[in-house]
Amino acid sequence: MDKIIVTSALPYANGPLHIGHIAGAYLPADIYVRFQKLLGADIIFVSGTDEHGAPISIKAESEGITPKEIVDRYHKNISESFKGLEIDFDNFSGTARPEHHEISQRFFLNLLKRGFVSKKEGKQWYDPKHNRFLADRYVEGICPFCGSPGARGDQCDSCGKLIDSLNLIEPRSKISGEIPILKETAHWYLELPKFTDELKNWLSTKKNWKDNVINFIMGWLKDGLKERAITRDIDWGVPVPLKEAEGKVLYVWFDAPIGYISSTIEWAKKIGDPERWKKYWLDPKTRLIHFLGKDNIPFHTIIWPAMLMEQELDYVLPDDVPANEYLNLEGQKMSTSRNWTVWVEDFLKNFSGEYLRYYLAANAPESKDSDFYWKEFQNQINNDLANVLGNLANRVFLFAKKYFDGRIDKESDFSDQTAEIIQRIGNDIIPITEAYQTYQVRKAIGLIIDIARFGNKYFDETKPWVTVKTDVIKAKETLYNCMNLLRIISITLFPVIPGSMRRLRKMMNLNVEFSLKDISVTEDYFQIGETEPLFSKVEDNLIENEIVKLKSASIDQSGLEHKAEISYDDFSKMEFRVVKILKADKIPKSGKLLKLTVDLGGEIRTVVAGIAKSYSPESMIGKQVAMLINLQPRNVMGIESQAMILAAHHGESLSVLVPDNEVPAGSEIS
RNA sequence: GGCGGCGUAGCUCAGUUGGUUAGAGCAUCGGAAUCAUAAUCCGAGUGUCCGGGGUUCAAGUCCCUGCGCCGCUACCA
């Protein structure tokens, strides 16, 4: 039997998990793995926390603790969320572990030795106060071409020219404001262009990949692959294994996917068979399947395969990369910074993890973005699970207990209907298994709940509460068939809500160890044991609380970042005036810019404003707005902008400031 | 602006390689039933399949175009 490795993108260990993570990468993988295990597949499911990188070290610094402490905190936190959701990895590791460092270094060295990594030397600005090298955009100074101040190290906004940060006049660190030191440094680059043909050939064999994945990759290949730096000058990460590279680490995106392998190695050791990982990773027939969100596609379909291609061991390449789209929340994009999200740990305080599994699986962003609506969550749980499935179980069990002591035998004189039902359900199994195998969990769930719906209909139509008094065999037949449906559901829905399906089987005294093949087993009798309602309903007030909580938490922007205090002098240097907009035009080839012609009381100026996403040109004409007048002119898209419009921004949307009453054009603002 | 995606019933969506009267769930309305967590079952719908044009015997499906929304990206904030 072919082996399968399933991975979920490594969660970054600088914060807890939210429902978007679960819907995109973890739940679909867990369901797939559980289904494959029911099929008897030889499959392992690995992941781990991604524990390196600047955000973690910066967070640690700001809390006055070590990066390791941050990582340990969130590794634990994330693991607990997974546990609460029954997402069962065979191994869940972390990239700060020695095993991972070792193999990541080997990956680097192999690529270097084979000529796919090259070193590039150069000087780079270094912030002496923070002891770190500064990326170009973190250095500011006077533009060497046009002499304007405030030019970034990569490009001057004033004249638009690309500049070399080393030529900046009077450079300053944007992090500390200190004068940076010029230091010699070197970086290593992964030469992706060299992989172009090999990647194209390999990708051309991938006929069954999702369209969204293929489109994404083709875009990259069309633009041409670019070499990418794989080292960084920070102190938290996998050290670059070269003497000359002291103080440098591998870039996180380079070492993170290697975590899939190191996690498997860790797993092999844990089960006391340290070489076992090779049987998966080095067997060309192994199907390597990466579950992830769409933002991760290029790493897993271009960079990661390239890395695997040139190793001393023949690693298997990804067989499939079922990328999911995004989960929105109440119609809006999720955002952790605005706190517009639902954290898994919070969810689990009030609701069963099975409910989240069910709802997210039934509304998974499989082929396009989908939405999490609290109200819809409640509806779907109460209808599908409590009313349709839960009620079917409950009515059947209670009825059987009331009249038959819970024991229902399969009688030889059941009608033809019994055979028909078995036939019908048998036909349903094929599309259900196909759906699971092609990652169409929404479809699988729909088909399974339909079985429960059919059960209720059948129960109603055969009226066992009547036949039990007139024709006992008929009543038994109804119950037997309904129980059989429940038995089949307990298997087919198991990958989605394993805990509830296990409870269902216990109530029916069915074996808790089972496989997909058991679907076709014919039970001679059912003996119902102790029962309880399978699902409790989600009450209105809980949902209302969540909606209120979400809305208030997102408004509470306690973490405002303030700028440094300024003097009145500083303020008085700025000349703000109300201007009247005479003319407004779209700037060709620009998505966000409008060219405004404004009157500031006799003087006419041209202003380029980045407001086109929020305002049409027509809507601006005649408007009075606030502007900063004495800002140094800037050349934007070939037009000199001679003032700056003031606008409030909330997320992506902008709102220009207008005076409360009509005032003469040019009125000063103070 | 470039690339990609999306636009189907009040809501969330499904519609396989173009093929009969365009479907499901939820919500709404009417009815039945009483074994069951007032759960269930039956019935009723409603659609300019975003607009316009084209290819075809036949278009929700393919092509062109317009509009709207989303993502990446550029200019920018």
Side-chain angles (χ1 to χ4, degrees), chain A residues 155 157 160 211-220 222-223 293-295 297-298 325-326 328 331-333 359 362-373 375-380 382-403 431 434 438 440 442-443 445-447 449-450 452-469 475 478-479 482 531-537 539 586-594 608-614 634-639 641 644-649 652-654:
Chain A
Q155 189 172 15
D157 286 334
D211 291 341
N212 56 347
V213 177
I214 293 288
N215 283 333
F216 210 106
I217 304 167
M218 286 317 172
W220 264 52
K222 217 171 88 189
D223 288 348
K294 61 180 166 186
D295 50 329
I297 292 172
E325 304 286 313
Y326 284 147
N328 295 322
Q332 289 178 48
K333 225 183 131 176
Y359 179 66
N363 293 284
E366 283 165 359
S367 56
K368 59 178 148 184
D369 291 356
S370 65
D371 262 288
F372 184 104
Y373 287 104
K375 203 69 200 158
E376 195 181 78
F377 162 75
Q378 179 193 24
N379 261 336
Q380 190 134 22
N382 289 354
N383 278 312
D384 289 6
L385 293 186
N387 294 349
V388 176
L389 176 53
N391 182 242
L392 175 66
N394 198 238
R395 70 199 300 202
V396 168
F397 295 164
L398 294 189
F399 197 100
K401 282 169 137 181
K402 188 169 169 184
Y403 293 100
E434 265 177 17
T438 51
Q440 295 173 280
R442 299 170 70 128
K443 187 174 175 189
I445 288 177
L447 291 167
I449 295 300
D450 277 345
R453 287 207 167 87
F454 169 76
N456 278 317
K457 180 185 162 85
Y458 168 71
F459 193 98
D460 271 26
E461 283 171 353
T462 52
K463 295 182 172 38
W465 59 91
V466 174
T467 57
V468 74
K469 289 170 185 137
T478 299
L479 293 180
C482 286
T531 60
E532 55 172 0
L534 199 48
F535 304 102
S536 58
K537 288 199 185 181
E539 301 295 337
K586 275 215 154 125
I587 295 178
K589 301 204 174 194
S590 158
K592 292 188 185 172
L593 303 179
L594 289 186
V608 177
I611 55 171
K613 296 259 170 178
S614 301
R634 284 186 178 188
N635 201 331
V636 182
M637 303 285 290
I639 300 167
S641 180
M644 187 172 137
I645 195 164
L646 301 186
H649 31 103
E652 293 281 293
S653 71
L654 292 169

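From a predicted model like this one, the values you see are computed outputs, not experimental measurements. Just so it is clear: chains get the letters A, B, ... in the order the sequence lines come, proteins before strands, and each one is counted from 1.
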Colleague: Return the value, rounded to whole Å, for the distance between atom CG of N379(A) and atom C1' of A24(B).
Modeller: 16 Å
Colleague: Please name all residues satisfying side-chain hydrogen bond (donor to acceptor under 3.5 Å, both in side chains) with T462(A), sequence neighbours left out, ordered by chain then number.
Modeller: T478(A)
Colleague: Quick one: on RNA chain B, does Y326(A) or G390(A) contact a more 5' nucleotide (nearest heavy atom)?
Modeller: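 Its nucleotide being nearer the 5' end, the pick is G390(A).
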Colleague: Could you list the residues that satisfy side chain to side chain contact (heavy atoms under 4.5 Å, CB included) with N387(A), not counting sequence neighbours?
Modeller: N383(A), K537(A)
Colleague: Using the side chain to side chain contact (heavy atoms under 4.5 Å, CB included) criterion, which residues pair with Y326(A)? Sequence neighbours excluded.
Modeller: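 Listed in chain order: K294(A), D295(A), D369(A).
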Colleague: By nearest heavy atom, map I645(A) and P533(A) onto RNA chain B; which one lands nearer the 5' end?
Modeller: P533(A)
Colleague: I'd like a list of close polar pairs between nucleotides 40-42 of chain B and the protein, N/O only, cut-off under 3.5 Å.
Modeller:
{"unit_1": "U40(B)", "atom_1": "O2'", "unit_2": "R395(A)", "atom_2": "NH1", "d": "3.1"}
{"unit_1": "U40(B)", "atom_1": "O2'", "unit_2": "D460(A)", "atom_2": "OD1", "d": "3.2"}
{"unit_1": "U40(B)", "atom_1": "O2'", "unit_2": "D460(A)", "atom_2": "OD2", "d": "3.2"}
{"unit_1": "U40(B)", "atom_1": "O2", "unit_2": "D460(A)", "atom_2": "OD2", "d": "3.1"}
{"unit_1": "C41(B)", "atom_1": "O4'", "unit_2": "D460(A)", "atom_2": "OD2", "d": "2.6"}
{"unit_1": "C42(B)", "atom_1": "OP1", "unit_2": "K457(A)", "atom_2": "NZ", "d": "2.7"}

Colleague: Kindly write out the residues that satisfy side-chain hydrogen bond (donor to acceptor under 3.5 Å, both in side chains) with T438(A), not counting sequence neighbours, or none if the list is empty.
Modeller: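 Only Q440(A) meet the side-chain hydrogen bond (donor to acceptor under 3.5 Å, both in side chains) criterion with T438(A).
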Colleague: So, using side-chain hydrogen bond (donor to acceptor under 3.5 Å, both in side chains) as the criterion, who are the partners of K443(A) when residues are at least two apart?
Modeller: none
Colleague: Mark up nucleotides 11-16 of chain B, 5' to 3', with B wherever a protein heavy atom is under 4.0 angstrom from a base atom, S wherever such an atom reaches only the sugar-phosphate, and - elsewhere.
Modeller: -SSS--
Colleague: For S370(A), what residues pass the side chain to side chain contact (heavy atoms under 4.5 Å, CB included) criterion, not counting sequence neighbours?
Modeller: L327(A), P365(A), R442(A)
Colleague: What does F397(A) touch in the nucleic acid at a heavy-atom separation under 4.0 angstrom: a base, only the sugar-phosphate, or nothing?
Modeller: nothing
Colleague: Who passes side-chain hydrogen bond (donor to acceptor under 3.5 Å, both in side chains) against N363(A), sequence neighbours left out?
Modeller: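 side-chain hydrogen bond (donor to acceptor under 3.5 Å, both in side chains) list for N363(A), sorted by chain: Q380(A).
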